[in-house]
Participant: 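Below you'll find the structure I mean.
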Amino acid sequence: MERKIVLTGDRPTGPLHIGHYVGSLKKRVEMQESGDFQQFVMIADIQALTDNADNPAKIRENILEVMLDYLAVGLDPERTTIFVQSKIPALFELPMYYSNLVTLSRLQRNPTIKSEIKMRGFEKSIPVGFLTYPISQAADITAFRANLVPVGVDQLPMLEQTREIVNSFNNLYKKDVLVLPEAVLPDNENAYRIVGIDGGAKMSKSLGNCIFLKDDAKTVEKKVMSMFTDPNHIKVSEPGKIEGNVVFTYLDIFCKNEHFEKYCPDYKNLQEMKDHYRHGGLGDVKVKKFLNSILQEILTPIRERRIKFENNKKMLLDILAEHSRVASDYANITLDAVRDAIGIKIF
Ligand code: ATP
Ligand code: MG
């Protein structure tokens, strides 16, 4: 059986956070472990430049951070090709061809781009590179002939844009040159888009509302203790609200029944805990301590694995360089087919 191809990536704009973990990284590790997929993982430094052109040092420094996070969660370079976007020339040529198939108004309609423009204060003047990064992302996905792209829900509009480009290209030039990709969302619906610890729309490196995979135990605890809950729940005895309460939002994602036995035997399951909170008599501190225990259980092995690689930067760079060469050769096959299909190869 031919293995399906999986491509994902992360922008090296900061260390990775628990939103990345449940939104995408966990799935990648599972896919790797299954052995059923050929997996490419890209550190998207060029995409990161589209809204950080004034701060390339940040991107450079975070390439190794992201690589360390990958190894820490269990991505294995023996089985997964991990490469750097800027090392793959095909990814710069393909967008030139694809951009002829996309209109300006189509780019401006992209809901993720719209909200990112707002977040970044680009309303008055949008860098062209930023507006067009979905086209560059289509190049990333198609260059590797990816069938599957495991992502958080914020990436669905990008996948849709890619699919439109694939269909336009194949219809216009030659059938079946580009592969039509599909998004793979997390199994747990609550993990589609993790909110920030401040209750903000999305946990995001650029918003400073994250729990990072590399945060030490104390920092995680501090962040959990400072989480947004129900601002009107002042006395323990009073009823509290679950909706919009970040601590419960996170429990919905991370908590399993067995955690109650281990860390909070007063309740059998999350429903019981929520009911008590709603009726009054359960304080925020107790719920936060419970969440902290669960997060520590998940993050401790990740943190420990990270330490093993931290002092071996040379090895990490060697892996990235070697894998980028392999990835570039792979992407060039698609580039060649694309040039051929358009018919611009006269010699
Ligand atoms: P930036 O703020 O620089 O855009 P980011 O935190 O949004 O950073 P990305 O590198 O853009 O992270 O996203 C990498 C992957 O992680 C994508 O598949 C995205 O869908 C997923 N992801 C990012 N943030 C979350 C989140 N809060 N919840 C679930 N998935 C997320
Ligand atoms: Mg993002």
Side-chain angles (χ1 to χ4, degrees), residues 6-29 31 39-56 58-63 65-67 69-70 73 75 82 84-85 110-122 127 129-130 133-134 136-137 140-141 146 148-162 181-215 223 227 246 249-250 252-254:
V6 181
L7 178 110
T8 50
D10 303 275
R11 296 151 39 93
T13 47
L16 300 182
H17 53 66
I18 58 174
H20 297 118
Y21 183 66
V22 290
S24 174
L25 293 171
K26 211 165 150 217
K27 192 91 210 170
R28 298 182 210 175
V29 175
M31 285 177 142
Q39 182 155 236
F40 294 94
V41 175
M42 179 179 81
I43 302 183
D45 56 342
I46 297 303
Q47 190 188 116
L49 262 181
T50 63
D51 57 335
N52 291 283
D54 56 348
N55 195 1
K58 172 168 114 183
I59 294 163
R60 207 169 46 242
E61 284 153 18
N62 279 305
I63 290 178
E65 285 290 334
V66 170
M67 178 63 169
D69 285 328
Y70 286 162
V73 297
L75 286 178
I82 307 174
V84 179
Q85 188 183 24
N110 183 316
T112 297
I113 290 286
K114 272 197 199 160
S115 74
E116 287 179 343
I117 284 173
K118 250 200 213 132
M119 253 163 57
R120 286 155 177 73
F122 283 163
F130 186 78
Y133 91 69
S136 151
Q137 212 166 309
D140 306 333
I141 295 168
L148 302 172
V149 188
V151 283
V153 83
D154 63 316
Q155 291 300 310
L156 290 182
M158 308 308 170
L159 255 295
E160 200 40 49
Q161 176 71 82
T162 301
E182 267 170 58
V184 182
L185 288 171
D187 301 329
N188 179 348
E189 231 175 273
N190 297 309
Y192 282 9
R193 181 200 307 260
I194 292 214
V195 297
I197 55 173
D198 56 355
K202 171 177 177 287
M203 181 174 286
S204 154
K205 295 184 228 101
S206 307
L207 293 178
N209 57 6
C210 308
I211 295 180
F212 294 110
L213 298 176
K214 69 172 207 173
D215 280 344
K223 287 181 178 175
M227 267 180 190
V246 178
T249 310
Y250 284 20
D252 276 328
I253 298 166
F254 294 102

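Remember, it's 1-based here, ligands and their atoms both numbered in the order they're listed. Only this structure's heavy atoms are used, side chains among them; waters, hydrogens and symmetry mates stay out. The structure displayed is predicted, hence computed values, not measured ones.
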Participant: Between K223 (side chain only) and C210 (backbone N and O only), is there a donor and an acceptor less than 3.5 Å apart?
Facilitator: yes
Participant: Measure from the side-chain N and O atoms of D252 to the backbone N and O of N190, and report whether any donor-acceptor pair falls under 3.5 Å.
Facilitator: no
Participant: Out of S204, G23, S24, whose heavy atom is nearest to atom 2 (O) of ligand 1?
Facilitator: S204
Participant: Given N209, D154, V151, which has its nearest heavy atom closest to atom 19 (C) of ligand 1?
Facilitator: D154
Participant: Applying a 4.0 Å heavy-atom criterion (strictly less than), which segment of H17 is in contact with ligand 1: side chain, backbone, both, or neither?
Facilitator: side chain
Participant: As an exercise, identify every atom of ligand 1 less than 4.0 angstrom from a heavy atom of R11.
Facilitator: 1 (P), 3 (O), 4 (O), 10 (O), 11 (O)
Participant: Should the pair F130 and F122 be assigned to parallel (<30°), tilted (30 to 60°) or perpendicular (>60°) ring geometry?
Facilitator: perpendicular
Participant: What are the atoms of ligand 1, with element, lying closer than 4.0 Å to any heavy atom of G152?
Facilitator: 18 (O), 19 (C), 20 (O), 30 (N)
Participant: What residue and heavy atom of the protein are closest to atom 3 (O) of ligand 1, and at what distance?
Facilitator: T13 OG1, 2.7 Å
Participant: How far is atom 7 (O) of ligand 1 from the closest protein heavy atom, and which atom is that?
Facilitator: K202 NZ, 2.5 Å
Participant: Quick one: look up the protein heavy atom nearest atom 1 (P) of ligand 1 and list residue, atom name and how far away it is.
Facilitator: S206 OG, 3.4 Å
Participant: How far is atom 16 (O) of ligand 1 from the closest protein heavy atom, and which atom is that?
Facilitator: H20 CD2, 3.0 Å
Participant: Taking N52's backbone N and O only, do any of them form a donor-acceptor pair with N55's side chain (distance below 3.5 Å, no angle check)?
Facilitator: no
Participant: Quick one, D51 with Y133, criterion side-chain hydrogen bond (donor to acceptor under 3.5 Å, both in side chains). Give me CA distance, side-chain angles, the key distance, then yes/no.
Facilitator: CA-CA 10 Å; D51 57 335; Y133 91 69; over 6 Å; no
Participant: Give a yes/no on ligand 1: does G9 have at least one heavy atom closer than 4.0 angstrom to it?
Facilitator: yes
Participant: At a non-hydrogen distance cut-off of under 4.0 Å, which region of M203 contacts ligand 1 (side chain, backbone, both, or neither)?
Facilitator: both
Participant: For ligand 1, which part of I194 has a heavy atom less than 4.0 Å away: the side chain, the backbone, both, or neither?
Facilitator: both
Participant: Out of curiosity, E160 CD to T112 OG1, how far, rounded to the nearest 0.5 Å?
Facilitator: 11.5 Å
Participant: Look up atom CD1 in I18 and atom CZ in F212, then write down how far apart they are to the nearest 0.5 Å.
Facilitator: 10.5 Å
Participant: What distance do M158 atom CE and Q47 atom CD have between them, rounded to the nearest 0.5 Å?
Facilitator: 7.5 Å
Participant: Side chain, backbone, both or neither: which applies to C210 and ligand 1 if a contact is any heavy-atom pair less than 4.0 Å apart?
Facilitator: neither
Participant: Any idea which protein heavy atom is nearest atom 17 (C) of ligand 1, and the distance to it?
Facilitator: Q155 CG, 3.9 Å
Participant: Pull out every atom of ligand 1 sitting under 4.0 Å from any heavy atom of R120, numbered as shown with elements.
Facilitator: 4 (O)
Participant: Is the shortest side-chain N to carboxylate O distance from D187 to K27 below 4.0 Å?
Facilitator: yes
Participant: Considering only protein heavy atoms, which is closest to atom 29 (C) of ligand 1, and at what distance to one decimal place?
Facilitator: G19 O, 3.4 Å
Participant: Applying a strict 4.0 Å limit to heavy atoms, is A191 in contact with ligand 1?
Facilitator: yes
Participant: To the nearest 0.5 Å, what is the distance between CE (M119) and OG (S204)?
Facilitator: 4.5 Å
Participant: Is it the case that ligand 1 has an N or O less than 3.5 angstrom from some N or O of R193?
Facilitator: no
Participant: Nearest 0.5 Å, what's the CG-NE2 distance between D69 and H20?
Facilitator: 9.0 Å
Participant: Checking a contact table here: which protein heavy atom is nearest atom 14 (C) of ligand 1, and how many Å away?
Facilitator: D10 OD1, 3.2 Å
Participant: Tell me: protein heavy atom nearest atom 9 (P) of ligand 1, and distance?
Facilitator: K205 NZ, 3.6 Å
Participant: Check whether any side-chain heavy atom of P15 lies under 4.5 Å from a side-chain heavy atom of L213, and answer yes or no.
Facilitator: no
